[in-house]
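Read through the structure below, which is laid out as structure tokens, and then see the notes.
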Amino acid sequence: MAARQLVRNATVFDSASGRLRRGSQIVIDGERIAAVVDAAQPVDGVAQSIDAGGRVVLPGLIDAHVHVVAASHDLSSLALQPPSLVTAQSSRILHGMLQRGFTTVRDAAGADFGLQEAVERGLFEGPRLFIAGFPISQTGGHADMRPKGVRQREFYCSCAGLGLIGAIADGVGEVRRAVREQVRNGANQIKIMAGGGVSSPTDPLEGTQFSVEELRAACEEAEAANLYAMAHAYSPRAVTRAVQAGVRSIEHGNLIDEATARVMKAHGAYLVPTLATYVALADEGARLGWSSDMLDKLGRVHARGIESLRIARAEGVPIVFGTDLLGHMHPRQGIEFELRLGAMSPVEVLQSATIVAARLMRQEGQLGELRPGAWADLLVVDGDPTQELSMLSDPQRGPLLVMKAGRVYRNRLQAA
Ligand SMILES: [Zn+2]
């Protein structure tokens with residue numbers, strides 16, 4: 001039998017109810033949680049025990065919109081790096097995420113099965129990775145990175161696809177093939193570009209991308225492989241078409257209105273806002289050499305970010321934690337917790353980064369909850385995160401302890 005560990009003296013955050021359970025202990029067998037029991041209950045055969053000192057223990061956090069290969073904010077130059085260099089930089093990004101308490105991340109395109117396996121085999125320390133492979137984009141869409149005037153169909157790159165290169169597909173047949181290629185390469189979810197974007201130079205923000213038939217084909221192919229599609233979309237029109245075509249999660253969604261949120265609710269879709277990246281880019285975009293067109297698009301989505309959360313919350317759309325940070329801005333991941341407090345309670349924000357994210361990813365019972373059978377992914381934090389979230393949002397603080405699959409990757413409990 002695998003070694004038994006005990007986290008004693010714990011105040012357990014029950015992500016399902018949003019309540020704290022004081023005087024608890026968590027029994028861990030190998031990589032999984034065996035039980036959460038009362039402090040008074042004797043537990044046999046414990047090989048190792050961690051004293052949480054009465055502090056709050058959270059399920060490992062989930063960030064449902066990251067790009068672990070985005071070692072640079074400049075995606076064109078990233079595509080011209082060799083895959084070995086992109087991978088080496090990704091290992092740093094993964095390490096940083098795990099240290100910040102993210103034990104699972106959903107990659108919104110870029111990462112491949114090699115990176116996923118590198119983490120699984122312990123070659124890199126990082127969160128468990130759910131990969132999308134290449135983002136699927138129409139010609140001229142958000143993941144078509146060819147500069148204007150370039151006629152070659154394939155984007156000139158040296159990164160072996162690790163640089164966030166789009167799989168360009170036009171027409172139902174090509175879209176099906178592009179999705180099937182991602183499935184063949186081990187995708188856990190399919191990323192499609194259903195509307196304009198900020199970082200792409202040629203597509204209007206409010207535009208829609210792909211025909212409804214193409215969107216349906218992508219969702220159908222994903223479902224055929226027991227996967228689902230996540231769609232990049234900002235405008236009410238782009239979001240509505242994507243959701244009606246069967247997309248499970250809308251990424252960003254900054255420009256949604258009430259009517260759009262109601263369509264999302266009716267179709268059981270999730271919203272994954274990514275406020276952190278707009279704040280980071282608003283701070284740094286001009287210095288990074290972004291064009292005035294791109295900065296103008298950025299300003300519009302940034303201004304509407306928090307409002308989209310309020311609208312989605314009011315209509316009962318499940319909201320999931322995401323950040324979408326690029327390059328050197330990754331350490332700002334925690335500010336997403338602070339930003340969301342403008343529209344949600346601390347408990348709701350914690351749920352968005354645990355149990356609601358797990359539901360979106362069809363990992364209920366496995367992730368995002370401290371309960372028997374789930375992965376032993378947990379954090380010990382300072383203070384009361386049901387009241388305020390500075391222990392997660394302040395980069396100087398962070399969790400005191402991070403455990404993933406029963407293994408401790410960070411322990412500052414002694415110093416605390
Ligand atoms: Zn993204």
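First listed ligand is number 1; within each ligand, the first listed atom is number 1.
Within the 2.8 Å limit, His232 places no N, O or S atom next to the Zn ion (ligand 1). Here His252 fails the criterion, with no N, O or S atom under 2.8 Å of the Zn ion (ligand 1).
Stacking of Arg146 on the aromatic ring of Phe155 is not recorded, the 6.0 Å distance cut-off and the 45° axial limit not both being met.
Note that OG of Ser235 is 7.0 Å distant from CD of Glu206, once rounded to the nearest 0.5 Å. Expressed to the nearest 0.5 Å, how far CZ of Phe134 lies from CD1 of Ile165 amounts to 7.5 Å.
The Zn ion (ligand 1) lies at the vertex of an angle of 80° between the NE2 atom of His67 and the OD1 atom of Asp324 (rounded to 10°).
With a 4.5 Å cut-off on side-chain heavy atoms, Gln333 and Val66 count as touching.
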